[in-house]
Novice: 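Below are the structure tokens for one structure; questions will follow.
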Amino acid sequence: MNGAKSLLQDLDDAIARGTDESRTRALWHATDILITGRYSDDEISMFGEVIGRLADEIEVAARAQLSEVMSACDHAPLNVIEKLALDDEIAVAGPVLRDSNRIDEKMLIESAMTKGQAHLLAISQRQSIGEAVTDVLVKRGNQEVVTSVARNEGARFSGSGLLHMVRRAEGDSILAEQLGLRKDVPRHIFQQLIAKASEDVRRRLETERPEMMTQIQSSVTEVTGDLQSKFGPSSRSYFVAKRVVTTQYRQGNLNQDSISNYARQHRFDEVQIGLSLLSALPVDVIERALMDRNREMILVLCKALDFSWDTTMSLLFLGAKDHLITARDLRDNEREFGRLNIETSRSILKFYQSRKTGAGADAGRQPELQVH
């Protein structure tokens, strides 16, 4: 400790009375000593003070070289890393923003919030990027930045970050494809992406992600006999319900309140017929959405129809086994419902409508989607 302190004192004195050339030599001497030695945190902090002072005195090219060295140093002084990361010159900031494991999330966010696109691009190329940083990149970044972060397998996205990426991917086939190829994109986000994608992108993703496309297709095709509820279309009560609800719809009285009341009374036929009319989807697709253990489709449908959470919750209980849902599942569903965007949910609904393969007698000629 004393030896390092004495050496740093000598370097500090050299800085105070030296020329530009001697300061540069002192910088590299201090840097070499730091990199090759093993020091305590206090000693590293002392090195940081000296190297930081020297870094203020040198030209851009030398600072860029220092950044390359510091980015690979596992015990680089934090004050030096911060100084380099927030440098306006990308040649200086780039190496530590891309590669340093000493730079923390706070520094990355500060750089991403205050610097230009070149700095954001460097951050997007890091081996690992947390959700908070990614959120800034997808909101502030240009096309090159968001495409880079979508391609980065080490980037982690929040739910809102993914939704923002879906919106940005509309009309951007490169970004849409890169986002669709990510293995961590959940199905409901993939559905929103596909709903807005061009035919070319959709075809490529069908080739690259056949398992995901199969899951989506299965959610909009005709349900098989074992998925038919005990209140299926063959029962007399179904046809009575159909006549009543269809009349209500034609008179303009079928709305969210109607659906909510039917659901709370466990009137399954009326609910599925009413939702079919309001959404322009076949009855069997609505039935599957209500009864499927995966609640994504019913959540998207309710959001597209601009239903409240209370109405959505009543539909979840209606379709649940024995009309029971655990408190945890209910909280998860409420959180997921809150994350959904109305416009993108409506895009998914239109996608469902375009993918339906033959709805049978009950689908007939469906009305257009009603929005409230």
Side-chain angles (χ1 to χ4, degrees), residues 158-164 166-167 186-189 191-192 195-196 219-220 229 231 241-242 244-353 366-372:
S158 66
S160 62
L162 282 173
L163 288 173
H164 198 83
V166 169
R167 288 194 289 272
R187 190 172 71 176
H188 72 279
I189 295 293
Q191 289 173 321
Q192 296 184 49
K196 290 177 171 287
S219 70
V220 296
S229 77
F231 306 109
K242 181 180 178 183
V244 171
V245 176
T246 300
T247 299
Q248 190 178 14
Y249 174 77
R250 288 172 179 166
Q251 293 174 347
N253 297 324
L254 184 65
N255 51 37
Q256 177 179 187
D257 290 340
S258 313
I259 298 297
S260 180
N261 289 333
Y262 286 140
R264 288 184 171 86
Q265 296 171 39
H266 296 171
R267 295 169 67 175
F268 193 93
D269 290 341
E270 285 83 352
V271 167
Q272 64 176 340
I273 295 166
L275 288 177
S276 175
L277 289 166
L278 292 175
S279 68
L281 287 176
V283 171
D284 53 6
V285 173
I286 297 298
E287 181 180 19
R288 175 163 184 154
L290 287 167
M291 299 186 68
D292 198 335
R293 290 182 180 178
N294 188 316
R295 318 305 291 174
E296 290 172 5
M297 187 174 176
I298 193 62
L299 293 177
V300 168
L301 177 62
C302 289
K303 181 65 73 168
L305 293 172
D306 200 15
F307 282 1
S308 67
W309 167 244
D310 285 344
T311 299
T312 304
M313 183 168 55
S314 68
L315 293 173
L316 293 174
F317 277 109
L318 176 67
K321 183 179 180 181
D322 298 324
H323 307 303
L324 297 174
I325 302 176
T326 66
R328 179 179 179 180
D329 286 344
L330 198 60
R331 284 195 301 271
D332 290 343
N333 284 314
E334 183 177 12
R335 185 165 52 250
E336 193 60 46
F337 181 75
R339 290 174 178 169
L340 291 173
N341 175 274
I342 291 179
E343 293 306 318
T344 49
S345 296
R346 287 174 179 168
S347 295
I348 294 174
L349 193 53
K350 290 177 182 177
F351 174 66
Y352 286 156
Q353 293 165 344
Q366 297 288 350
E368 291 299 313
L369 170 65
Q370 304 295 305
V371 293
H372 304 277

Novice: Please name the pair of heavy atoms, one in Phe307 and one in Phe337, separated by the smallest distance, quoted to 0.1 Å.
Specialist: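 For Phe307 and Phe337, the tightest heavy-atom pair comes out as O-CZ, 3.4 Å.
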
Novice: Can you tell me how far apart CG (Leu316) and CG (Leu290) are? Round to the nearest 0.5 Å.
Specialist: 9.0 Å

Novice: Return the CG to CG distance between Asp310 and Leu315, rounded to the nearest 0.5 Å.
Specialist: 11.0 Å

Novice: Is any side-chain heavy atom of Val244 less than 4.5 Å from a side-chain heavy atom of Glu270?
Specialist: no

Novice: Can you measure from CG (Asp329) to CZ (Arg293) and round to the nearest 0.5 angstrom?
Specialist: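 Reported value, rounded in 0.5 Å steps: 11.5 Å.
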
Novice: With a 4.5 Å cut-off on side-chain heavy atoms, are Val285 and Ser279 touching?
Specialist: no

Novice: Quick check: do Leu278 and Ile259 have side-chain heavy atoms less than 4.5 Å from each other?
Specialist: yes

Novice: Begin from the C-alpha positions of Phe268 and Glu287 and carry the test side chain to side chain contact (heavy atoms under 4.5 Å, CB included) through to its verdict.
Specialist: CA-CA 9 Å; Phe268 193 93; Glu287 181 180 19; 4.1 Å; yes

Novice: Could you tell me the separation between the OG atom of Ser345 and the CE atom of Met297, rounded to the nearest 0.5 Å?
Specialist: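 One gets 12.0 Å once the value is rounded to the nearest 0.5 Å.
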
Novice: Evaluate the side-chain proximity of Leu305 to Leu275: yes if any heavy-atom separation is below 4.5 Å, no if none is.
Specialist: yes

Novice: Say you draw a straight line from CD1 of Ile325 to CZ of Arg295; how long is it, rounded to the nearest 0.5 Å?
Specialist: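 Nearest 0.5 Å value for the CD1-CZ distance: 6.0 Å.
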
Novice: I would like to know whether Leu340 and Val300 meet side chain to side chain contact (heavy atoms under 4.5 Å, CB included); could you show each step before the answer?
Specialist: CA-CA 7 Å; Leu340 291 173; Val300 168; 4.2 Å; yes

Novice: I'd like to know if Glu343 pairs up with Arg346 as an ion pair, taking the criterion as any Lys NZ or Arg NE/NH1/NH2 lying under 4.0 Å from an Asp or Glu carboxylate oxygen.
Specialist: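 Looking at Glu343 and Arg346, the cut-off is met.
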
Novice: Got a sec: does the CZ of Arg167 have more than 12 other heavy atoms crowding it under 6.0 Å?
Specialist: yes

Novice: Between Val271 and Ala263, which heavy-atom pair has the shortest distance, and what is it?
Specialist: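 Nearest pair, atom of Val271 first, then Ala263: CG2-N, 3.6 Å.
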
Novice: Got Ile286 and Leu301 here, is their nearest side-chain heavy-atom distance under 4.5 Å?
Specialist: yes

Novice: Could you pull out the closest heavy-atom pair between Gln248 and Tyr262, with the gap in Å?
Specialist: OE1-OH, 2.9 Å

Novice: Is there a side chain to side chain contact (heavy atoms under 4.5 Å, CB included) between Leu281 and Leu349 once you walk through the steps?
Specialist: CA-CA 8 Å; Leu281 287 176; Leu349 193 53; 3.4 Å; yes

Novice: What's the separation between atom CD1 in Ile342 and atom CG in Asp306, rounded to the nearest 0.5 Å?
Specialist: 4.0 Å

Novice: Establish, from distance only, whether the side-chain atoms of Asn255 and Ser258 form a donor-acceptor pair under 3.5 Å.
Specialist: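 Distance-only check passes for Asn255 and Ser258.
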
Novice: Within the side chain of Gln256, is there an N or O that forms a donor-acceptor pair under 3.5 Å with the backbone of Ser308?
Specialist: yes

